[in-house]
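Since the structure is predicted, the reported quantities are computational estimates derived from the model, not experimental observations.
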Amino acid sequence: MSRLLGDSHRRFLQTLMAVGITDEQEARALYQHCCDTHKMPCTPDKLDEFIEAINSRLQPMFMQIRKGMSEENGHQYYALVNMAETDITRMTSDYADNELELFRKTLDLIVSSENGTASSTDILNSTDTMTSKKLKKSETEHLLTRLVQDKWLCERRGEYTLSTRCIIEMEPYIRTMYQDQVKVCHICHNIAFQCQICENPSCGIKIHNPCVARYFKGRVEPRCPACDDFWPHEIPEVRGLRSQSKR
């Protein structure tokens, strides 16, 4: 049975509809604000229950507020997701067919890469194999800028990664289309693009960088949680994920 929604729930949903995605700290502040505004009791550890009440009413509309982790900093995020379409077709109202084809090619590059990135050069080169109308260099660069602005991609020094919003919203599609390539974090069991990999050939588990930081924090000698081999990578710090020496 659907739970009754109050004005505090509606205000929370309306705000999330406007921003699309928000981190956990901002979501908790919004939860507090909505409850205070409408004079409703606010229990800090009941945010997920509050959101679940909203989701119970969104289900008939094929919408859902989903929770996911940022691969960059390990923070939790909440995103409003369209469940009616589970793949890239949900982007057709905003992007032309050839733009969607290039986005798919970018996704191919990111999923198949070792570090979860695709360079601007590789993306530009992939336009040569397009089956729809090819994009010019200037059009491709403009499209990449739009994809970053629309929070589908992130860019840093010419390297593109999937945004937190994209991973949360398209996870079912990614798991289905790339089931033989997709990596899953050994610690949190979510799909992983930017991750570290155990170098033991018989092991090869993947761990998100933020999960690496938390798992190995305080350990004198980091060892693989699966095979117990020495973990040979730099261990990021929990805060800010700045690299620090392992020894």
With side-chain contact (heavy atoms from CB on, under 4.5 Å) as the criterion, how do Ile21 and Lys151 come out once you've worked through the C-alpha distance, each side chain's angles and the decisive distance to 0.1 Å? CA-CA 9 Å; Ile21 186 170; Lys151 299 179 181 178; 4.1 Å; yes

Please determine whether side-chain contact (heavy atoms from CB on, under 4.5 Å) holds for the pair Cys185 and Ile207, giving the CA-CA distance in whole Å, both sets of side-chain angles, and the decisive distance to 0.1 Å. CA-CA 5 Å; Cys185 176; Ile207 307 179; 4.0 Å; yes

Going through the distances and angles, do Leu58 and Leu13 end up as a side-chain contact (heavy atoms from CB on, under 4.5 Å)? CA-CA 10 Å; Leu58 289 177; Leu13 177 58; 3.8 Å; yes

Report the C-alpha separation of Tyr160 and Val148 in whole Å, then their side-chain angles, then the decisive distance to 0.1 Å, and conclude whether the side-chain contact (heavy atoms from CB on, under 4.5 Å) test is met. CA-CA 9 Å; Tyr160 290 85; Val148 171; 3.9 Å; yes

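Under 4.0 Å is where a charged nitrogen must lie from a carboxylate oxygen, and between Asp108 and Lys105 no such pair does. A salt bridge links Glu72 with Arg156: the distance from a Lys NZ or Arg NE/NH1/NH2 to an Asp or Glu carboxylate oxygen falls below 4.0 Å. The existence of a salt bridge linking Arg146 and Glu99 is confirmed by a sub-4.0 Å separation between a basic side-chain nitrogen and an acidic carboxylate oxygen. With respect to the salt-bridge test (charged N to carboxylate O, under 4.0 angstrom), the residues Lys136 and Glu139 do not qualify.
Not one N or O on the side chain of Lys133 forms a donor-acceptor pair closer than 3.5 Å with the backbone of Asp97. With hydrogens and angles ignored, the 3.5 Å screen pairs a side-chain donor or acceptor of Lys134 with a backbone N or O of Asp128. Side chain of Arg28 to main chain of Pro44: a donor-acceptor pair is present (N/O by atom type, distance under 3.5 Å, no hydrogens or angles). Of the possible polar contacts, one joining the Asp23 side chain to the Gln25 backbone as a donor-acceptor pair under 3.5 Å is found. Although no hydrogens or angles enter the test, the distance criterion places a donor-acceptor pair under 3.5 Å between the side chain of Glu71 and the main chain of Gln194. Gln196 contributes no side-chain N or O that, together with a main-chain N or O of His233, makes up a donor-acceptor pair within less than 3.5 Å. No donor-acceptor pair closer than 3.5 Å links the side chain of Arg11 to the backbone N or O of Cys34.
Distance CE/Met130 to CG/Leu135: 4.5 Å, rounded to 0.5 Å. Separation of atoms OG (Ser120) and CZ (Arg157) is listed at 12.5 Å; rounding is to 0.5 Å. In this structure, the separation between CD1 on Ile51 and CZ on Arg66 is 14.0 Å, given to the nearest 0.5 Å. Interatomic distance, Cys35 SG to Lys46 NZ, rounded to the nearest 0.5 Å: 13.0 Å. Taking OG1 of Thr43 as the start and OH of Tyr31 as the end, the distance is 5.0 Å to the nearest 0.5 Å. In this structure, CG on Leu102 lies 11.0 Å from CG on Leu107, to the nearest 0.5 angstrom.
Scanning both residues, Ser113 and Lys183, for their nearest heavy atoms gives O-NZ, 2.9 Å. Of all heavy-atom pairs between Val212 and Pro236, the closest is CG1-CD, 3.7 Å. Annotation for Pro222 and Phe230: closest pair O-CD1, 3.5 Å, computed over non-hydrogen atoms. Counting all heavy atoms, side chain and backbone alike, Ser8 lies closest to Met40 at OG-CG, 4.0 Å. Smallest separation of non-hydrogen atoms from Val81 and Glu169: CG1-CG, 3.9 Å. For the pair Ser112 and Leu109, the tightest heavy-atom approach, listed with the atom from each and the gap, is OG-O, 3.3 Å.
Within the 4.5 Å cutoff, no side-chain heavy atoms of Arg223 are placed close to those of Trp231. At least one side-chain heavy atom of Leu124 sits under 4.5 Å from a side-chain heavy atom of Lys137. Contact of the Ile110 side chain with the Leu153 side chain is registered, since non-hydrogen atoms from C-beta on lie closer than 4.5 Å. Thr161 places none of its side-chain heavy atoms less than 4.5 Å from the side chain of Phe193. Proximity of Trp152 to Phe103: side-chain heavy atoms (C-beta onward) are separated by under 4.5 Å at one or more points. Within the 4.5 Å cutoff, the side chain of Leu147 has no heavy atoms near those of the Thr106 side chain. Between Asp7 and Arg10, the closest side-chain pair of non-hydrogen atoms falls below 4.5 Å. With contacts defined as side-chain heavy-atom distances shorter than 4.5 Å, the pair Thr37/His33 qualifies.
Following chains of ILVMFWY side-chain contacts shorter than 4.5 Å, one cannot reach Tyr215 starting from Val184, and the two form parts of different hydrophobic clusters. Using a 4.5 Å cut-off between side-chain heavy atoms of Ile, Leu, Val, Met, Phe, Trp and Tyr, with links allowed through other members, Met69 and Leu16 fall into different hydrophobic clusters. Neither Ile197 nor Ile235 shares a network with the other; the hydrophobic side chains, linked directly or stepwise wherever heavy atoms of I, L, V, M, F, W or Y lie under 4.5 Å apart, form separate groups for each.
For the side chain to side chain contact (heavy atoms under 4.5 Å, CB included) criterion with Tyr77, the lone passing option out of Thr22, Ile167, Ile168 is Ile168. Of the candidates Cys195, Cys227, Cys224, Ile205 forms a side chain to side chain contact (heavy atoms under 4.5 Å, CB included) with just one, namely Cys224.
In the displayed structure, His38 atom NE2 is contacted under 6.0 Å by more than 12 heavy atoms of other residues, nucleotides or ligands. Gln59 CD: 12 or fewer foreign heavy atoms inside a 6.0 Å radius.
Aromatic pair Phe12/Phe50: centroids less than 6.0 angstrom apart.
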